[in-house]
Chemist: 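Please find one structure pasted underneath; my questions will follow.
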Number of protein chains: 2
Amino acid sequence: MMETRKTPTIQDVARSANVSTATVSRALSSPERVSESTRARVSEAIRVTGYTLNQAARSLRQRTAKTILVALPDIRNSFFSSILDAVEREATNRGYGVLVANLFNARAPAQRLQDYMLSNRADGLLLLDGSLDLSSLQTLVRPPNSVPLVVACEEIPNSGFHTVLTDNLSAAERATRHLIDLGHRRVAHLLGPEGNVVARDRLAGYTKALPRAGLEVQQQWLFRGNFDMESGFAAAAHFMSLSERPTAVFAANDESAIGFLSGLRQHGLTCPRDISMIGFDDLGVAAHYTPPLTTMRQPRELLGRMAAEMLIDILEDAEHRRGPMRIVLNSELIVRESTAHLPLRASG
Amino acid sequence: MMETRKTPTIQDVARSANVSTATVSRALSSPERVSESTRARVSEAIRVTGYTLNQAARSLRQRTAKTILVALPDIRNSFFSSILDAVEREATNRGYGVLVANLFNARAPAQRLQDYMLSNRADGLLLLDGSLDLSSLQTLVRPPNSVPLVVACEEIPNSGFHTVLTDNLSAAERATRHLIDLGHRRVAHLLGPEGNVVARDRLAGYTKALPRAGLEVQQQWLFRGNFDMESGFAAAAHFMSLSERPTAVFAANDESAIGFLSGLRQHGLTCPRDISMIGFDDLGVAAHYTPPLTTMRQPRELLGRMAAEMLIDILEDAEHRRGPMRIVLNSELIVRESTAHLPLRASG
DNA sequence: CGCTGTAGTGCAATCGATTACACACAATTG
DNA sequence: CAATTGTGTGTAATCGATTGCACTACAGCG
């Protein structure tokens, strides 16, 4: 057989098919420009030589890596890993690779992203973290760098970046109203991380729902949280120390809701007997928690897919002058067993 | 300022520093080979021009992508996303990018990996999935392809591949013994997916522990499972249909354990009052489940880190003739509240 | 002084694909 | 029939960095 000690190149294919390298290249990337018979010869030669494209060479010439960079605050977070999953699917379908950058505890996140993008390793950036410095992102996005960027899940205010997210404010309002509709009047909110835009919107939704029911926002019923179980767990201790305790809590996300319930359990309280709890996200575990968690389901798969679609559309359409795009997806109330009518409560 | 309409290249830097491109390149990759003063001039020129390396060009020349490919069965699975997290950390520290390939439901997984690897997009493959076809992997690993490969978490029997995993068999044995030590004599096992090596080892550990306590393996106490919550949930229904019910279950992983408990709850049974349950993995949610889950903790972060280390070590040491490496990490029993002494049970 | 060794640098080839341009030939048109 | 258009292919430049080889200058040595 062929005595190819090295990876076969397009040259080898050309030789084997008795055509020029230009023809081989064209047969690969624009088959319609090559005659039927030549195409067949090239295909056969590729088979015989076992040729595979050298992506580095193509990238160098075309200034395109066929790769997107997904930057996320924390891969371990089940919410983000679902998104990543959807993004990877869509990207793969469209022939793109997915490079991941975990920003959690990273030293200079913006710098890292910049290095990645400017070194031609990725063609576009999908940012799932709203906490980055606006000005360094703008440096990236504006000429001469002109990095294609889509922000998903989170949002960067006043940035004009393309964005895909869910209706956090209105969903939070609906979540809160769900509790109110069940008769609860003392409704607390377990906050997301300070400074986080999503957390801010969910708080805003909560804040908006209360007065509509004639209720007031009470500062001591805004529990500090951080989107993770530990912070929810800690908030439960705070809850216990309150003289006048809420009968329902709207948690900024499922993880913190679960942490909170876990903390409550330590103190002998049970959900929904002693307290109603609604979360946000509908993580996989929400349906199987004890009790199954009422929550606002975010369409994670859709969100990830649309974000990837948007970014790749931008990449493949060099003339994207259609202005900033913004897609808002709707969340859905999933009622399970962690919320109950107030009158149904046995006294604690 | 500089009227650079295009990304500055090493040529621009060379011109600005008044040296040759060769010198600039050396200043970047082997600074000790360049004089102090030149080095300073180059640094300054890089600053002035805003130069960033074109990774594609370097890859082409050096036949190195500075990237590893991580292939996993399902990113959404919290276990794998933790591993991915650790891998990403380690890779980043060592200057490598991480490309992810989600194999879940993928059409031709082996083919996809091969395409990735042979197209010079990644230098090495970190495989977190043991279900791939051995022969296609061997094609990849053996000359002339010679793709550096490390298998982690799972294992591919008789493959001779480098492997990092945990002591599944002995850990499963300890888990089972924990239940036995608590006085349980009717101990069931919620299986992992059929054909999965890890699941097989955990079953083997379970099978080994029983006779040591004078117990027999009962076929009807081996519940079908699939490492996910849904399968655990379904297994609970099967459990309920049993005439003689076990008093304790060792689940092949936490997810299925949670699904099982969730199913049990639907039937009015409570853990640990009616049944003791031990899981495997110690997912984040295990500590905050109701009840907090007793489980075998796998050192996920360590495992991910070591796997990445091993792979990158191999990549950077071309002469790795030291034979197949195999690292086995120990799992740790974490006792929480889902397991209880048999005598302490109130009758169901 | 002449010889050798070494540090520092430059020249130019190279990695493997893409693509602008040129060209040959066939088909179509006025 | 000449001119024009179109189709299919080849030649060679190009992308941007790395690196083998050659060279200079100077230090150390006998």
Side-chain angles (χ1 to χ4, degrees), chain A residues 4-43 45-46 49-67 95 115 117-121 123 318, chain B residues 4-43 45-46 49-67 95 115 117-121 123 318:
Chain A
T4 39
R5 47 200 67 246
K6 332 188 87 184
T7 321
T9 74
I10 203 173
Q11 321 274 352
D12 302 317
V13 177
R15 201 171 311 122
S16 161
N18 232 325
V19 294
S20 73
T21 61
T23 300
V24 175
S25 175
R26 283 189 282 251
L28 285 171
S29 29
S30 39
E32 74 283 359
R33 300 194 45 200
V34 165
S35 77
E36 175 87 29
S37 66
T38 311
R39 212 183 309 154
R41 287 221 310 292
V42 171
S43 299
I46 288 176
T49 54
Y51 168 77
T52 53
L53 183 80
N54 183 321
Q55 183 63 39
R58 169 181 280 185
S59 292
L60 173 59
R61 181 63 225 243
Q62 295 195 326
R63 329 181 130 280
T64 264
K66 278 286 193 172
T67 299
D115 286 350
M117 298 310 304
L118 268 37
S119 68
N120 277 22
R121 291 169 79 125
D123 306 322
Chain B
T4 39
R5 47 202 67 245
K6 331 189 87 184
T7 320
T9 74
I10 205 173
Q11 320 275 350
D12 301 317
V13 177
R15 201 171 310 121
S16 161
N18 232 324
V19 294
S20 71
T21 61
T23 300
V24 176
S25 174
R26 284 189 281 250
L28 285 172
S29 30
S30 38
E32 74 283 0
R33 300 195 43 200
V34 165
S35 78
E36 175 89 29
S37 67
T38 310
R39 214 182 308 155
R41 287 220 312 291
V42 170
S43 298
I46 287 175
T49 53
Y51 168 77
T52 53
L53 183 80
N54 183 320
Q55 182 63 40
R58 169 180 281 184
S59 292
L60 173 57
R61 181 63 224 245
Q62 295 194 326
R63 328 183 131 281
T64 265
K66 279 286 191 173
T67 299
D115 286 351
M117 297 310 304
L118 267 39
S119 69
N120 276 25
R121 292 168 78 123
D123 305 322

Chemist: Is it the case that the side chain of A/T21 and the backbone of A/Q11 share a donor-acceptor pair, with hydrogens and angles ignored and the cut-off at 3.5 Å?
Modeler: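 No; zero donor-acceptor contacts below 3.5 Å.
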Chemist: Do B/S16 side-chain atoms and B/A14 backbone N/O form a donor-acceptor pair below 3.5 Å?
Modeler: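 No, B/S16 side chain to B/A14 backbone: no donor-acceptor pair under 3.5 Å.
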Chemist: Could you tell me whether the side chain of A/N54 reaches within less than 4.5 Å of the side chain of A/T7, counting heavy atoms only?
Modeler: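 No, their side chains stay 4.5 Å or more apart.
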Chemist: How would nucleotides 10-21 of chain C be written as a contact map, 5' to 3', with B for base contact, S for sugar-phosphate-only contact and - for no contact, using protein heavy atoms under 4.0 Å?
Modeler: BB-BBBBSBB--
Chemist: Do you see a donor-acceptor pair shorter than 3.5 Å between the side chains of A/T67 and B/R121?
Modeler: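 There is such a pair (donor and acceptor under 3.5 Å, judged by atom type) between the side chains of A/T67 and B/R121.
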Chemist: What is the distance from NZ of B/K66 to P of D/dA17, rounded to the nearest Å?
Modeler: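 Roughly 16 Å, once rounded to whole Å.
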Chemist: Can you check the A/E32 CD to D/dG6 C1' distance for me, whole Å?
Modeler: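 Those two atoms, CD and C1', are 15 Å apart.
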Chemist: Is there a donor-acceptor contact under 3.5 Å from the side chain of A/S43 to the main chain of A/R39?
Modeler: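 Yes; judged by distance alone, with no hydrogens or angles, the pair exists.
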Chemist: So what does A/T38 touch, heavy atoms closer than 4.0 Å: a base, only the sugar-phosphate, or nothing?
Modeler: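 Sugar-phosphate: the residue A/T38, judged by heavy atoms under 4.0 Å, touches backbone atoms but no base.
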